Amino acid sequence: MVRSSVLGFPRMGVLRDLKKATEAYWGDKISQEDLLAEGKRLRLAHWKIQKDAGVDLIPSNDFSYYDQVLDHIQLFNAIPERYSSQKLSPIDEYFAMGRGHQKGGVDVPSLEMVKWFDSNYHYTKPTLQDNQTFSLSKDPKPVREFLEAKEAGIVTRPVILGPVSFLALGKADRGASVDPITLLDKLVPSYVELLKALKAAGAEEVQIDEPVLVFDLRAAVKNAFKPAYEAIGSLGAAGPQITIATYFGDIVHNLDVLPAFANLHALHIDLVRHPEQLDAVIKQLGPKQVLSAGVVDGRNVWKNNFQNSIELLQRAVQALGQDRVVVATSSSLLHVPHTLASEKKLPQEVYQWFSFAVEKCNEVAVLAKALTAGPAAVKPELDANAAAMKSRAESQRTNDPKVKERQSKVTAEMHNRKTGFDNRYAQQKKHLSLPNFPTTTIGSFPQTQEIRIQRNKFTKGEITEAQYEEFIRSEIDKCVQIQDELGLDVYVHGEPERNDMVQYFGERLEGYVFTTHAWVQSYGSRCVRPPIIVGDISRPAPMTVKESKYAASVSKKPMKGMLTGPVTCLRWSFPRVDVHQSVQAQQLALALRDEVVDLEKNGIYVIQVDEPALREGLPLRSGKERDAYLKWAVDSFKLSTAGVEDSTQIHSHFCYSEFQDFFHAIAALDADVLSIENSKSDAKLLQVFIDEAYPRHIGPGVYDIHSPRVPAEAEFKQRISEMLQYLRPEQLWINPDCGLKTRTWDQVKPALINMVNAAKSFREQYKA
Ligand code: GLN
Ligand code: ZN
């Protein structure tokens, strides 16, 4: 019999219940007991959904109050002393590591949080000491939650993050120099103890995630699998049967690691991303080993194509036999929204194309049944699925001949500005009369309560469009007036009309649909609701011209137009899977190109195209795939921006500073001015601009917008002096790290006054 399995289920609940509960707890609105009870209610509800769907292997310990990696930091007592010494309750100590704690005389910042592989989920980095020790927590969460499910009559397969990935994804704490992987010997005994405890509690199977197997691994990490899994494998009947899970990539380049798993039960691979790895992996399996075939996409919202999946799975069954194949989600379902059933506003035609977490549970169950009992056993499901696939392929929504026609006419020249930077800048300087050390901001100004209230009223129909637009104009007036007072050099309109930097554009483009409840966890209690690209993209009308033109009309300095770039629009949406991402990026680029040209026609001569997501799209391994990505990502940015005159200045913005390995792509964008996040990094990172003789202008952020702190003028000056060790004075712009929407005016105004004064003093100093 072919079994079905889910690698992990979203935790938030149908209505982001967990977000509401944790935030209420943090705000002292509910008690710790209330929070724990809500967690329990959600876990039980989610197990029941999976059981009712007929899933054979249901995960437990996939639930988390903040982040699953953080759970393991606590599980193995890898808690830095600055938290453990505070004598907080376990859950408060846990949240202190996740999000910092500033209460009752305790003041500790959070541990570092970074992107989980190439997703928009963020995990807490294990932060380790030179003399690090580990021990299993007294009341291990995986055992507790396994027993909780068992009590409710549901036998689950606990999920834990494997020891090699746990260490390889970690780092040495500030002041320490330990290479985390060298701590393996100390860590593995706690894993062995945990597995024994799980077995004793009745767990017959356990899923151990080792997702780092999809990376290019350095030898020390690669070699760690053998000792770790020999120790675990030697547990034999004293331990549960182990499935090693990998996802978000292929493992073909790491097949030589598989012998380390020889004594283990099963191996899971992601066949959505890399179906071609199937045969290579099958060949490497031991004579009794089981293959968990991840065919139902854990990263996107499209309905599974049953016919394709069955064909692929049959190949596995032919090679291994039914009992050695499990049908699974490609990864945890953490990255998809809870249920399609909540979406009441999607067009009926489109609705049937999707499948969220709840529906994906059904999909693995149906596929397992089709393989076990033959397709006839699930004929109605297969027929409905085939009809949905056909509807999508033939829909007018997906295919717009005008868009295809336009794409076919894209030429190489369309990607390039008319002349080189030196000539462009000479024209821009004259046209815009910019001083040296020009000051600007990244786009958004504080999104006040008032803005949210008015937007809500407009959405609910309580005020008219004319009233709302009047309100937006008054907000723009206010931003312009404040920038006059501050003495900035290049203005922004403040983005009061934008709810979100991708959704705002998606709502104005053809080819997108929007959900009402399809939230996905981004970090902690934060969720995002990505729009979905369903068809060919085009721009029926200008999207930002009205606001920018108005802003320019009331301001005496150059007004910067503000757009989200094609790659960021793509990455922060659920993309189509029926055409390549490069095609979608080019469609977005053409739409944005028209917008850029329209802005210029309407008197906007500085235009910023934000690409904060460019880097996260970078394929996980170096090589051909990465080069190909960089080519189309850079091309789409260039296509969107190159339609303007030389005297129009193109800016771009990135929210990170680590682009040593990425520098050539950034340089290839040919943006006249770049702004990057830098205020918290070592100015040394700017060395790459010297090494590569970067010719254009750069504004490394001088103001950390994530913090309410107001830096003093002297601090800004100090920072600018440091930057001048690496950058030429005539290429340096002075700006914050990122947009200011999450700050208050009380914080922003004094900080920008100090920033502008610092810039002015350098302007004086360098006059000669
Ligand atoms: N222009 C956007 C803003 O200022 C940029 C946001 C971002 O980079 N994430 O809000
Ligand atoms: Zn940013």
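Nothing here was measured: the structure is a model prediction, and the numbers come from that model. These values consider heavy atoms only, across backbone and side chains, with no hydrogens, waters or symmetry-generated copies. In each ligand, atom 1 is the first atom listed, and ligand 1 is the first ligand listed.
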A.B. asks: When rounded to the nearest 0.5 angstrom, what distance separates NZ in Lys638 from CZ in Arg593?
C.D. replies: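 These two atoms lie 11.5 Å from each other.
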A.B. asks: For ligand 1, list the protein residues that place a heavy atom within a distance below 4.0 Å of one of its atoms, sorted by chain and number.
C.D. replies: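 For ligand 1, the residues that come within the 4.0 Å heavy-atom cutoff are Ile442, Gly443, Ser444, Glu495, Met501, Met562, Asp610, Pro612, His653, Cys655, Cys738, Gly739, Lys741.
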A.B. asks: Whether the Lys560 and Gln608 side chains hold a donor-acceptor pair (N or O, under 3.5 Å, no angle test) is what I'd like checked.
C.D. replies: yes
A.B. asks: Compute the ring centroids of Tyr123 and Tyr523, then answer whether they are less than 6.0 Å apart.
C.D. replies: no
A.B. asks: How open is the angle at the Zn ion (ligand 2) from atom SG of Cys655 over to atom NE2 of His653, rounded to 10 degrees?
C.D. replies: 120°
A.B. asks: Looking at His697 versus Phe421, is the centre-to-centre ring distance below 6.0 Å?
C.D. replies: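 His697 vs Phe421: aromatic centres under 6.0 Å.
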A.B. asks: Side chains of Gln521 and Arg11: any donor to acceptor distance under 3.5 Å?
C.D. replies: yes
A.B. asks: For Glu595 and Thr544, test the side chains for any donor-to-acceptor distance below 3.5 angstrom and give the result as yes or no.
C.D. replies: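 Result is yes, a qualifying pair exists.
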